[in-house]
Colleague: 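Below you'll find the structure I mean.
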Amino acid sequence: MARDIVVERLTIESFKPYGDVIQLEGNKNVVVANQGTAKRVNYVAKLENLRECSGPALQSAKPNMCIFSSAPRPTISGRFFQVKLLERHPYSSQVFMPIHQHGQKGASDPDAPCYLVIVAENGPDDKPDLGTIRAFAADSTQGINYKANSWHSPMVTIGKRVNFLVLVWENRVALQDCEEAPIDPVVVDLAPSFKNLSADSKL
């Protein structure tokens, strides 16, 4: 039987156990820069490459900054999303920062949620602890940085395509770069955070 959870609002405090929320609003580290014409947030995320301190058994990795274009995921009746897989990057943090795209549907409302951030703590069996699974609604003004070794869903965009700037350390060794874990289905209730979704979408 599928476990049901309700989507939560993404905030800096609520996401701390899993990583960082990258945003200007509500951040305490804002300073004035560029001759008074800009605001700067220092150390907005903790970037990690744990291979550097894990000994010679691991191949070295290099930072990969890439663009990730994520198509909207199908929903159930326009309201529910089913999670069947989580993944983690054992030795690297991973940043996702939305790139605003002029002319995209919904781009005029940056405060409207456009992607899901689904996370879980590690269990005593070194697998995701589904009793701790949570889902957060993120908008296009918010980026995220997953801590190294943090279980999370592959990217889930809702209602529209979203492009992201991504930063992760990789060495092209599959289980060192990314480990996947199939899970018993978890159903995320998207209401009321996500509105005007098509009821015709199916899994």
Colleague: Do you know the tightest heavy-atom contact between Ile76 and Gln82?
Modeller: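 Taking every non-hydrogen atom into account, CD1-CB, 4.4 Å.
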Colleague: Do the side chains of Glu8 and Arg134 get close enough for a salt bridge, i.e. N-O under 4.0 angstrom?
Modeller: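 The answer is yes: the pair qualifies as a salt bridge.
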Colleague: Judged by atom type as modelled, is there a donor-acceptor pair below 3.5 Å linking the side chain of Arg73 to the main-chain atoms of Met155?
Modeller: yes
Colleague: Rounded at 0.5 Å granularity, tell me how far CG in Asn29 sits from CZ in Arg40.
Modeller: 11.5 Å
Colleague: Quick check: is Val117 connected to Val21 through a chain of hydrophobic side chains (ILVMFWY, heavy atoms under 4.5 Å apart)?
Modeller: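 In one cluster with Val21: Val117, yes.
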Colleague: Hey, are Asp139 and Arg9 close enough for a salt bridge, meaning a charged N less than 4.0 Å from a carboxylate O?
Modeller: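 Looking at Arg9 together with Asp139, the answer is no, because their closest N to O distance does not fall below 4.0 Å.
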Colleague: Between the side chain of Asn171 and the main-chain N/O of Val173, is any donor-acceptor distance below 3.5 Å?
Modeller: yes
Colleague: Is there a donor-acceptor contact under 3.5 Å from the side chain of Thr157 to the main chain of Ser70?
Modeller: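 It does hold such a pair.
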Colleague: Any chance you could measure Asp129, atom CG, to Glu121, atom CD, to the nearest 0.5 Å?
Modeller: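 Asp129 CG to Glu121 CD: 6.5 Å, rounded to 0.5 Å.
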Colleague: Verify, without hydrogens or angle tests, whether Thr132 (side chain) and Ala120 (backbone) share a donor-acceptor contact under 3.5 angstrom.
Modeller: no
Colleague: For the residue pair Phe96 and Phe68, is the inter-centroid distance of their aromatic rings smaller than 6.0 Å?
Modeller: yes
Colleague: In terms of hydrophobic clusters joined by side-chain contacts under 4.5 Å, are Ile158 and Leu86 together?
Modeller: yes
Colleague: Find the distance between CZ (Phe136) and OH (Tyr115) and round it off to the nearest 0.5 Å.
Modeller: 12.0 Å
Colleague: Is there a side-chain contact between Leu47 and Asn49 in this structure, where contact means two heavy atoms from C-beta onward sitting under 4.5 Å apart?
Modeller: no
Colleague: Can you tell me how far CZ of Phe164 sits from SG of Cys66, rounded to the nearest 0.5 angstrom?
Modeller: 11.5 Å
Colleague: Run the side-chain contact (heavy atoms from CB on, under 4.5 Å) check on Asp189 and Ile5 step by step: do they pass?
Modeller: CA-CA 6 Å; Asp189 187 347; Ile5 61 174; over 6 Å; no
Colleague: Measuring from Arg88:CZ to Glu179:CD, what's the distance to the nearest 0.5 Å?
Modeller: 4.0 Å
Colleague: Does a side-chain heavy-atom distance below 4.5 Å link Pro72 with Lys160?
Modeller: no
Colleague: When you compare the side chain of Ser93 with that of Lys147, does any pair of heavy atoms fall below 4.5 Å?
Modeller: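 Result no, sub-4.5 Å side-chain heavy-atom pair not found.
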Colleague: Test side-chain contact (heavy atoms from CB on, under 4.5 Å) on Leu24 and Val30; report intermediate values, then the result.
Modeller: CA-CA 8 Å; Leu24 179 62; Val30 178; 3.9 Å; yes
Colleague: Between Phe81 and Val187, is a side-chain contact (heavy atoms from CB on, under 4.5 Å) present by the stated rule, with each step listed?
Modeller: CA-CA 6 Å; Phe81 177 76; Val187 176; over 6 Å; no
Colleague: Let me check something: do Tyr43 and Val31 share a hydrophobic cluster, defined by ILVMFWY side-chain heavy atoms less than 4.5 Å apart, either directly or through other members?
Modeller: no
Colleague: Any link between Tyr146 and Val162 through a network of hydrophobic side chains (Ile, Leu, Val, Met, Phe, Trp, Tyr) touching at under 4.5 Å?
Modeller: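 Yes.
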Colleague: Do Arg51 and Ser92 come within less than 4.5 Å of each other through their side chains, counting heavy atoms only?
Modeller: yes
Colleague: Given side-chain contact (heavy atoms from CB on, under 4.5 Å), test Leu10 with Phe15 step by step and report yes or no.
Modeller: CA-CA 7 Å; Leu10 181 67; Phe15 195 66; 3.8 Å; yes
Colleague: Are Ile144 and Val95 side-chain neighbours, meaning at least one heavy-atom pair lies under 4.5 Å?
Modeller: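 No - every pair of side-chain heavy atoms lies 4.5 Å or more apart.
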Colleague: Would you check if Val188 and Val83 make a side-chain contact, meaning some heavy-atom pair closer than 4.5 Å?
Modeller: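 The answer is yes, as the side chains (C-beta and beyond) meet within the 4.5 Å cut-off.
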Colleague: When you measure from the side chain of Asp20 to the backbone N and O of Lys46, does any donor-acceptor pair fall under 3.5 Å?
Modeller: yes
Colleague: Any side-chain donor paired with an acceptor under 3.5 Å for Arg161 and Ser69?
Modeller: yes
Colleague: Do the non-hydrogen side-chain atoms of Pro63 and Leu167 ever get within less than 4.5 Å of each other?
Modeller: yes
Colleague: State, with a plain yes or no, whether a side-chain heavy atom of Leu85 is found less than 4.5 Å away from one of Ile183.
Modeller: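 Of all side-chain heavy-atom pairs linking Ile183 with Leu85, none is under 4.5 Å.
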Colleague: Which heavy atom of His152 sits nearest a heavy atom of Ser150, and at what distance?
Modeller: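 What the structure gives for the nearest pair is ND1-O, 2.9 Å.
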Colleague: Under a 3.5 Å distance rule, please check whether Gln23 uses its side chain to pair with a backbone N or O of Gln142 as donor and acceptor.
Modeller: no
Colleague: Are side-chain N/O atoms of Trp169 and Asn64 paired as donor and acceptor at under 3.5 Å?
Modeller: no
Colleague: Consider only side-chain heavy atoms of I, L, V, M, F, W and Y, link residues closer than 4.5 Å, and tell whether Leu165 and Ile22 are in one cluster.
Modeller: yes
Colleague: So if I apply the side-chain hydrogen bond (donor to acceptor under 3.5 Å, both in side chains) rule between Gln94 and each of Glu48, His89, Glu170, which one comes out positive?
Modeller: His89
Colleague: What verdict does the salt bridge (charged side-chain N to carboxylate O under 4.0 Å, His left out) test give for Arg172 and Asp177, after you've listed the backbone C-alpha separation in whole Å, the side-chain angles of each residue and the deciding distance to 0.1 Å?
Modeller: CA-CA 7 Å; Arg172 303 293 182 177; Asp177 282 346; 5.8 Å; no
